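For the numbers below, each heavy atom of this structure counts, side chains included, while hydrogens, waters and symmetry mates do not. Keep in mind it's a predicted model, so treat the numbers as computed, not measured.
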Amino acid sequence: MAIAYPRYIGCETPSAEAALMVPTSPSSRPPVILTQDELKKIAAYKAVEFVESGMVLGLGTGSTAKHAVDRIGELLRQGKLTNIVGIPTSKKTHEQAVSLGIPLADLDSHPVVDLAIDGADEVDPDMNLVKGRGGSLLREKMIESVSKKFIVIVDESKLVNHLGGSRLALPVEIVPFCWNFTAQRLQSMFEYAGCIAKLRRCENGEPFVTDNGNYIVDLYLERDMGDLNAAGDAMLRIPGVVEHGMFLGMATTVIVAGELGVNVKNKIGRATAFPREHN
């Protein structure tokens with residue numbers, strides 16, 4: 001999806017860094033069209049401005065988080081960041097970080113994380129999230145739940161009025177044993193919201209298997225689930241459910257890249273702008 005974006009001072013080609021500059025008046029220059037991936041990169045680069053040398057970092061998974069991990073690796077190579085330790089949220093991110101030379105650890109050695117940066121599939125007005133369409137929700141939640149700060153990076157297409165509002169998957173990680181039984185219990189639980197539960201499958205038709213050896217059931221909702229905390233607690237009480245993809249009250253900052261620029265929203269609910277670092 002291409003979105004109209006203002007042209008920026010001193011920028012003939014719309015790079016991610018240039019797009020963070022102060023825009024000129026929209027009427028003075030023609031708009032530059034940025035792709036959805038370019039918007040993701042803008043949000044990711046903005047998030048990395050919060051990273052400081054010596055931090056333990058939660059490294060997210062997915063197309064948006066990939067840009068942040070790439071940027072952290074670049075700053076390490078340039079010597080602008082030092083003594084960083086990363087804790088990856090998936091095997092894929094682990095491989096990416098190793099290829100970039102980012103030192104890695106785990107929660108056993110670093111049970112408290114200074115800052116986690118990750119994308120999201122949906123963000124509601126209260127900064128609640130749906131995550132896990134990439135299949136890494138359990139490790140993401142384990143790491144991001146013990147992070148002092150959790151920065152979520154998205155483009156504006158991920159903003160919804162309520163979780164499930166995109167009518168795309170709300171993932172639930174389950175054990176493989178009697179998966180259909182568990183899926184039917186989940187579907188019945190949210191029948192009032194028009195829920196359809198589907199086992200996630202690979203292109204070859206085999207069940208998708210997470211890094212933890214589990215399956216994922218995707219819930220598709222027609223209507224609002226209502227009380228999200230109650231819904232989440234109810235799912236976790238079903239034997240066979242490992243974790244759900246609602247990240248409630250966890251994000252401390254959400255960075256949204258969209259047609260009007262970059263918006264940074266903090267947990268206190270006030271949108272603010274931050275100075276750039278790592279020049």
Side-chain angles (χ1 to χ4, degrees), residues 16-17 19-20 37-76 80-81 84-90 93 96-97 100 102 107 110 112-134 136-137 139-160 163 245-258 261-278:
E17 290 198 31
L20 295 175
D37 188 64
E38 287 169 329
L39 292 176
K40 291 177 180 181
K41 190 172 185 179
I42 290 167
Y45 275 45
K46 187 67 178 174
V48 175
E49 294 176 14
F50 291 80
V51 177
E52 299 176 2
S53 293
M55 278 187 167
V56 177
L57 299 176
L59 305 178
T61 298
S63 58
T64 308
K66 179 181 183 298
H67 290 304
V69 177
D70 283 340
R71 179 60 171 161
I72 291 167
E74 179 184 13
L75 293 172
L76 278 171
K80 295 178 180 178
L81 286 176
I84 292 295
V85 175
I87 302 181
T89 56
S90 66
T93 299
Q96 179 192 6
L100 295 169
I102 299 174
L107 292 177
H110 293 82
V112 178
V113 177
D114 294 307
L115 170 64
I117 300 175
D118 207 349
D121 301 306
E122 292 183 359
V123 181
D124 77 5
D126 296 318
M127 295 171 58
N128 295 313
L129 318 172
V130 166
K131 291 177 51 57
R133 290 179 190 158
S136 303
L137 66 97
R139 296 190 187 191
E140 289 172 338
K141 189 171 283 191
M142 289 178 67
I143 293 166
E144 289 151 10
S145 66
V146 295
S147 298
K148 296 176 183 178
K149 295 181 180 180
F150 175 26
I151 300 179
V152 178
I153 46 179
V154 294
D155 66 272
E156 63 183 0
S157 71
K158 303 301 171 59
L159 304 181
V160 295
L163 295 193
M246 294 191 299
F247 286 48
L248 307 178
M250 291 176 56
T252 57
T253 300
V254 174
I255 298 177
V256 184
V262 176
N263 182 54
V264 181
K265 183 179 180 181
N266 291 310
K267 197 168 188 177
I268 57 174
R270 183 169 60 91
T272 55
F274 291 86
R276 296 185 60 204
E277 301 176 8
H278 312 311

(request) Give, for atom CE of M127 and atom CZ of F150, the distance between the pair rounded to the nearest 0.5 Å. (result) 9.5 Å
(message) Any heavy-atom pair between the side chains of L76 and L100 that's under 4.5 Å?
(response) no
(message) Taking salt bridge (Lys or Arg N to Asp or Glu O under 4.0 Å) as the definition, give me every residue that meets it alongside D70, ordered by chain and number, with sequence neighbours left out.
(response) K66
(message) Within the 4.5 Å heavy-atom criterion, are I117 and V51 side-chain neighbours or not?
(response) yes
(request) Please round to the nearest 0.5 Å and tell me the distance separating atom CZ of F247 and atom CG of D121. (result) 9.5 Å
(request) Indicate yes or no: at least one non-hydrogen side-chain atom of V112 is less than 4.5 angstrom from one of V56. (result) no
(message) Nearest 0.5 angstrom please: K149 NZ to M55 CE, how far?
(response) 6.0 Å
(request) Quick one: list whatever passes side-chain contact (heavy atoms from CB on, under 4.5 Å) with A44, sequence neighbours left out. (result) H67, A68, I153
(request) For K40, check salt bridge (Lys or Arg N to Asp or Glu O under 4.0 Å) against everything at least two apart and list the hits. (result) none
(message) Suppose we screen for salt bridge (Lys or Arg N to Asp or Glu O under 4.0 Å). Which residues come up paired with E122, at least two apart in sequence or across chains?
(response) R133
(request) Keeping the roles fixed (side chain from K267, backbone from G249), state whether a donor-acceptor pair exists under 3.5 Å. (result) yes
(message) Nearest 0.5 angstrom please: L115 CG to T253 OG1, how far?
(response) 8.5 Å
(message) Is there a side-chain contact between N128 and L248 in this structure, where contact means two heavy atoms from C-beta onward sitting under 4.5 Å apart?
(response) yes
(request) Kindly write out the residues that satisfy salt bridge (Lys or Arg N to Asp or Glu O under 4.0 Å) with D114, not counting sequence neighbours, or none if the list is empty. (result) K148
(request) Using atom types as modelled and distance alone, determine if a side-chain donor or acceptor of K265 lies under 3.5 Å from a backbone N or O of P125. (result) yes
(request) For V113 and L57, work out which heavy atoms get closest and say how close. (result) CG1-C, 3.9 Å
(message) Using a strict threshold of under 4.0 Å (side-chain N to carboxylate O), is an ion pair present between E74 and R71?
(response) yes
(request) Kindly give the heavy-atom pair with the smallest separation between L81 and I84, and that separation in Å. (result) CB-CG1, 4.1 Å
(message) I need the minimum non-hydrogen distance between A251 and L129, along with the two atoms involved.
(response) CB-CD1, 4.4 Å
(request) Just jot down the side-chain hydrogen bond (donor to acceptor under 3.5 Å, both in side chains) partners of T89, sequence neighbours excluded, or say none. (result) T61
(request) Output, in order, the C-alpha distance, side-chain angles, deciding distance and verdict of side chain to side chain contact (heavy atoms under 4.5 Å, CB included) for F50 and I255. (result) CA-CA 11 Å; F50 291 80; I255 298 177; 4.1 Å; yes
(request) Search all heavy atoms of G119 against all heavy atoms of T64 and return the closest pair with its distance. (result) CA-CB, 4.5 Å
(message) Give me the atom names and distance for the closest heavy-atom approach of A116 to E144.
(response) CB-CG, 3.7 Å
(message) Please give me the minimum heavy-atom distance between G60 and A65, naming the atom from each residue.
(response) C-CB, 3.4 Å
(message) What's the separation between atom CG in L59 and atom CD1 in I87, rounded to the nearest 0.5 Å?
(response) 8.5 Å
(request) State the CG-OG1 distance between D118 and T93, to the nearest 0.5 angstrom. (result) 7.5 Å
